[in-house]
There are 2 protein chains.
Amino acid sequence: MLNFNPKLAGLMTALSDPTRLAIVERLSLTPLSVSEIAAPFDMSLAAIVQHIQVLEKAGAVRTFKRGRTRRCIIDTDGMAILKSWLTDRERFWQGQFDNLEAMLDAQAHNNKEETDT
Amino acid sequence: MLNFNPKLAGLMTALSDPTRLAIVERLSLTPLSVSEIAAPFDMSLAAIVQHIQVLEKAGAVRTFKRGRTRRCIIDTDGMAILKSWLTDRERFWQGQFDNLEAMLDAQAHNNKEETDT
DNA sequence: GGAATAGTCAAGTCATGACTTAACTATCTT
DNA sequence: AAGATAGTTAAGTCATGACTTGACTATTCC
């Protein structure tokens, strides 16, 4: 449907975890090594490594290993998938709320109170 | 950090499930009732109801009950949170890859092969 | 009023996913 | 070469979340 990208669900899943979202948040400001990413979290380094692997597989983050340290950075290409998905669908959303109101009114012979419960 | 919205994690979580993403996908084209949403899925109606509740609590979808049917529609305000989060961070991502290259080269005395494994 | 329709709520099951610890590899430093 | 640093992998635990079924409520149709 439209440009629905199979990577999208994986991206969303990767970003759904609060820790991973916070990682992306910090990486948005500057690239960081694995230990630097781990520092503020009350969590084992191994756990952070796992999170980074999830982010990388999903296409949210890219990493480069130099020597014994791994540098992490936002995967702008991957994130662009999310952005364009949103942008494409926005076009359809516009004016849809008005249409809904019209539709509701159309099929409502009797003008009851609208319940949103 | 920046305009980090507490609703963001919830939104991401709501959209991380493939079924819910598909629901949002269909609602992007047109508003639907609960049963209409459920129709194409090989899943109980109760399960779909639960998904819709998750989407609504997260701010991805709005619903209106008229009589015994509930109409569902994309929550454009809620989705705008996601959009603006992405847009805001994009500014920082730009050029960050080039900076990374520079940084890597700067701290690389010896020009080894770059391993991205 | 009675039957069909549209949806909701409550339990309970099961798989997945977010951690842990421990053992290990690779790379610097001195 | 030896110890410290940076990260990785594997195996196991535990909580959460995605379903199910079954009983129930509210509305519309005949």
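Here is how names work: the chains are called A, B, and so on, in the same order as the sequence lines, proteins then strands, and each is numbered from 1.
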Exercise. In whole angstrom, what separates Glu36(A)'s CD from dA6(D)'s P?
Worked result: 9 Å
Seminar exercise, completed: From NZ of Lys65(B) across to C1' of dT5(C) the rounded distance in Å is 12 Å
Seminar exercise, completed: Taken in chain and number order and not counting sequence neighbours, the residues that satisfy side-chain hydrogen bond (donor to acceptor under 3.5 Å, both in side chains) with Lys7(B) are none
Exercise. Is any side-chain N or O of His51(B) closer than 4.0 Å to OP1 or OP2 of dC19(D)?
Worked result: yes
For this session: For dA18(D), take OP1 and OP2 only and decide whether either is under 4.0 Å from a side-chain N or O of Arg20(B).
Result: yes
Exercise. To the nearest angstrom, how far is Ile52(B) atom CD1 from dA6(C) atom P?
Worked result: 14 Å
Problem set entry | Residues in side-chain hydrogen bond (donor to acceptor under 3.5 Å, both in side chains) contact with Thr13(A), at least two apart in sequence or another chain | none
For this session: Would you kindly give the CZ-to-P distance between Arg66(B) and dT28(D), to the nearest whole Å?
Result: 11 Å
Exercise. Taking only residues two or more places apart in sequence, or in another chain, which ones meet Lys57(B) in a side-chain hydrogen bond (donor to acceptor under 3.5 Å, both in side chains)?
Worked result: none
Seminar exercise, completed: Phe41(A) atom CZ is separated from dT20(C) atom P, nearest whole Å, by 12 Å
Problem set entry | Contact under 4.0 Å: Thr69(A) side-chain N or O vs dA6(D) OP1/OP2 | no
For this session: Please examine the side chains of Phe64(B) and Thr69(B), heavy atoms only from C-beta on, and report whether any two atoms are closer than 4.5 Å.
Result: no
Exercise. What string of B, S and - do you get for nucleotides 10-16 of chain D, 5' to 3', when a contact is any protein heavy atom under 4.0 Å?
Worked result: -B-----
Exercise. Taking CZ from Arg70(B) and P from dT5(C), how many angstroms apart are they, rounded to a whole number?
Worked result: 21 Å
List, one per line, each side-chain donor-acceptor pair under 3.5 Å for residues 44-54 of chain B, sequence neighbours excluded.
unit_1   : atom_1 : unit_2   : atom_2 : d
Ser44(B) : OG     : Ala47(B) : N      : 3.1
His51(B) : ND1    : Arg20(B) : NH1    : 3.1

Exercise. Just to confirm, is there a sub-4.0 Å distance from OP1 or OP2 of dC19(D) to any side-chain nitrogen or oxygen of Ser44(B)?
Worked result: no
Exercise. Counting any heavy atom closer than 4.0 Å, what does Val34(B) reach on the DNA or RNA strands: base, sugar-phosphate only, or nothing?
Worked result: sugar-phosphate
Exercise. Among dT21(D), dC19(C), dA4(D), which nucleotide sits nearest the side chain of Arg68(A)?
Worked result: dA4(D)
Seminar exercise, completed: From the candidates dT21(C), dC19(C), dT27(D), the one with an atom nearest any side-chain atom of Thr19(A) is dC19(C)
Seminar exercise, completed: Phe64(B) atom CZ is separated from dA6(C) atom C1', nearest whole Å, by 18 Å
For this session: Mind calculating the distance between CG (Asp17(A)) and C1' (dG17(C)) to the nearest angstrom?
Result: 9 Å
Exercise. Do Arg26(A) and Pro40(A) touch side chain to side chain, with heavy atoms closer than 4.5 Å?
Worked result: yes
Problem set entry | Set of side-chain hydrogen bond (donor to acceptor under 3.5 Å, both in side chains) partners for Ser16(B), sequence neighbours left out | none
